[in-house]
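Everything on this sheet refers to the single structure shown next.
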Amino acid sequence: MDIRKAIEEERWADVVAHLRPLSDRGGSDASNDLAIVFRRMGQPADELFFAHRAFEQNRLSSSALNTLFRALLVQGNFQTAARIYRDVRGERQLNRVHHINGAIALIRINRVDEAAEALERTAGFPLAEASDLKVDLLMAQARFEHDRALALLDRLTAMGEDVETQRTSQLFASGDMAAVVAHYDAKAPIHPGVRRQGKTALQAAIAMVDRDRVQRYLAEISAVPASTAALARGLLEGRETVEIRGGGRTWRFPFVATNFSVALPQVAGGFYEQPALEALRALVRPGQTVVDVGANLGNHTVYFAGEAGCRVVAFECNPRMADHLRNTIEMNGLGGQVDLSHLGKAVTSYVGEIPFQFVRDDYSFVTPGTEHGATLTPCLTLDSLALPECALLKIDVDGGEPGVLEGARDVLARLRPTVSIEVLNFNTRRVLALFEAYGYDILREDSRNEAYSDFVFVPRESALGRA
């Protein structure tokens, strides 16, 4: 049988009948061909099965490894792809495509430093400019290097690459909402990919409090998610509060349409990150102390004070969010359980002042200097407070995680709290090293978001640790 001719003629049944016995007898090339055939047939489960088989039959085969990486990456199995890359990366037979695929997998699971090391291994190979630029773009995005990412998009556009949908996302990530809506208005009529990003454009208009554009987008854009539409309508109607039904009562929050991450689930009637909150509740008892670093408008604070019956010490340095947090605690009558005495102060590794940029209501970050609108903000360390107790430390500080942890050495050594922390991907290695040094183990990890991972760490000596 002429197998190549059968493949060209798409006689898939004949091809599979011929190749499967060869694959079953240990033929790596046959297994690899079967993976490719099933890819063309649109059968991803079979593609992945035979790609794995080809790799297992001959792990040093360049084509088998390429096929396996392709199957894993396309199907979103980034953890598995990264594990396999870590296993084979020291082998001399790897080529630049293997290292690039490994880097992509590592970026997708928020191991940016490891991804950079993978890309360094491509230095001795010939360049392929467009594909290299695309990987550079992924790296810039993972490191929140917005100006570099936009410059790379410009270079790709000049080379004839279609990156307009990526441009929309990158502009939104950079916080330039006016550029998002301008790009959407210009490109959506002629570019289907941009047109499908109507939700992003609508959220940008909401962030700008551009009511005219919000109203127009609501009428024009199809398939807007219900929660985003509710957010837009709330802005147009001048809504002031949102209610969430808890276990025994209803909790009220200020309605802040521009605070996307928290407001979207709240307008749908639930706490932000409710499944994670419920899992953490099992780790604390009523009356214990929870420290909420990066409290925003009080979603987690209300949950732990109201639903779990804990005492909460809350920190929020964004002035707008701090005002909303005070309002939240007052309207829910939780003043006796929540310590708000440190609002307006950032938590980091030293006591003094730190330059912050308050980009949006839902996003602030430390900046290297005071230029570009940064604000010098009072800061302290958790250790400086000499906390008498802490059962749970929750940290969500948009990239400032290492500073908070370095300023909490005594708290972590003396009080040994469980730690729930959002880690932006460029901090992952540093944060993992700190917890290793402090004697903590990972209880849970969620790396599904491309910008950050959510971790729960527990003391190694605890019943939940591995010791």
*Quickly, which of Leu152, Ile104, Leu119 forms a side chain to side chain contact (heavy atoms under 4.5 Å, CB included) with Leu138? Name it, please.*
Ile104
*Considering residues at least two apart in sequence or located in another chain, which fulfil the ring-ring contact (aromatic ring centres under 6.0 Å, His included) criterion with Tyr303?*
Phe271
*Can you find a pair of side-chain heavy atoms, one from His191 and one from Thr165, that are under 4.5 Å apart?*
yes
*Start with the C-alpha distance between Tyr184 and Tyr217, add both sets of side-chain angles, then the distance that settles ring pair (Phe, Tyr, Trp, His ring centres under 6.0 Å), and finish with yes or no.*
CA-CA 11 Å; Tyr184 180 81; Tyr217 283 173; 5.4 Å; yes
*Once you round to the nearest 0.5 Å, how far does OG of Ser31 lie from CG of Leu19?*
9.0 Å
*Salt-bridge present (Arg89, Glu117; N to O < 4.0 Å)*: no
*Taking side chain as C-beta onward, heavy atoms only, is Cys390 less than 4.5 Å from Val291?*
yes
*Considering only heavy atoms from C-beta outward, does the side chain of Ile206 approach that of Met177 to under 4.5 Å?*
no
*For the pair Arg20 (side chain) and Leu34 (backbone), establish whether a donor and an acceptor sit closer than 3.5 Å, ignoring hydrogens and angles.*
no
*Counting only N and O atoms by type, is there a donor-acceptor contact under 3.5 Å from the side chain of Arg460 to the main-chain atoms of Tyr440?*
yes
*Report yes or no: does Arg111 contribute a side-chain atom to a donor-acceptor pair with the main-chain N or O of Ile109 at less than 3.5 Å?*
yes
*asked:* Check this for me, if you would: do Glu164 and Arg167 make a salt bridge, where the nitrogen-to-carboxylate-oxygen distance has to be below 4.0 angstrom?
replied: yes
*Please confirm whether the backbone N or O of Arg213 pairs with a side-chain atom of Asp210, one donor and one acceptor, at under 3.5 Å?*
yes
*Determine, for Asp24 against Arg53, whether the closest basic-nitrogen to carboxylate-oxygen distance falls under 4.0 angstrom.*
yes
*Side-chain heavy-atom pair Trp12, Val37 within 4.5 angstrom cut-off*: yes
_Single hit among Val404, Val397, Asp292, Leu382 for side chain to side chain contact (heavy atoms under 4.5 Å, CB included) with Phe315_ = Leu382
*Under 3.5 Å: donor-acceptor pair, side chain of Lys187, backbone of Pro192*: no
*Between CD of Glu445 and OG1 of Thr428, what distance do you get to the nearest 0.5 Å?*
8.0 Å
*Does any pair with a residue in residues 267-277 pass side chain to side chain donor-acceptor pair (under 3.5 Å), and if so which ones, sequence neighbours excluded?*
Glu273-His300, Gln274-Glu278
*Specify the closest pair of heavy atoms between Ile107 and Ala142, including all atoms of both residues, with the distance to one decimal.*
CG2-CB, 3.9 Å
*For Leu153, does its backbone N or O pair with a side-chain atom of Thr157 as donor and acceptor, under 3.5 Å?*
yes
*asked:* Less than 4.5 Å apart, side chain to side chain, heavy atoms only: is that true for Phe457 and Leu432?
replied: yes
*Roughly how far apart are Leu264 CG and Leu231 CG, rounded to 0.5 Å?*
5.0 Å
*So do the side chains of Arg409 and Tyr438 get within less than 4.5 Å of each other, counting heavy atoms only?*
yes
*Give, for atom OH of Tyr85 and atom CG of Asn101, the distance between the pair rounded to the nearest 0.5 Å.*
10.0 Å
*asked:* Taking the side chain as everything from C-beta on, heavy atoms only, tell me whether Met321 gets closer than 4.5 Å to Asn259.
replied: yes
_From Glu307 atom CD to Ile244 atom CD1, the distance as rounded to the nearest 0.5 Å_ = 9.5 Å
*Hey, could you give me each pair passing salt bridge (Lys or Arg N to Asp or Glu O under 4.0 Å) that has a residue in residues 262-271? Not counting sequence neighbours.*
none
*For Ala451, does its backbone N or O pair with a side-chain atom of Asn449 as donor and acceptor, under 3.5 Å?*
yes
*Pairing residues for His98 by the ring-ring contact (aromatic ring centres under 6.0 Å, His included) criterion, not counting sequence neighbours*: none
*Donor-acceptor pair, Glu316 side chain versus Asn318 backbone, under 3.5 Å?*
yes
_SB check Glu461 Arg416 (cutoff 4.0 Å)_ = yes
*Got a sec, which residues hit ring-ring contact (aromatic ring centres under 6.0 Å, His included) with Tyr452, two or more places apart in sequence or on another chain?*
none
*Answer yes or no: is there a donor N or O on one side and an acceptor on the other, between the side chain of Asn425 and the main chain of Val112, under 3.5 Å?*
no
*Output yes when Glu47 and Arg70 qualify as a salt bridge under the 4.0 Å nitrogen-oxygen rule, no when they do not.*
yes
*Spacing of CD belonging to Glu422 relative to CG belonging to Asn427, to within rounding of 0.5 Å*: 11.0 Å
*Which residues satisfy the ring-ring contact (aromatic ring centres under 6.0 Å, His included) test with Phe255, sequence neighbours excluded?*
none
_Determine whether a donor-acceptor pair (N or O, by modelled atom type, separation under 3.5 Å) exists between the side chain of Ser462 and the backbone of Val458._
no
*Stepwise, does the salt bridge (charged side-chain N to carboxylate O under 4.0 Å, His left out) test hold for Glu401 with Arg430?*
CA-CA 9 Å; Glu401 306 88 46; Arg430 188 173 169 192; over 6 Å; no
*In terms of side-chain geometry, is the basic nitrogen of Glu114 or Arg86 positioned less than 4.0 Å from the acidic oxygen of its partner?*
yes
*Indicate yes or no: at least one non-hydrogen side-chain atom of Val419 is less than 4.5 angstrom from one of Leu412.*
yes
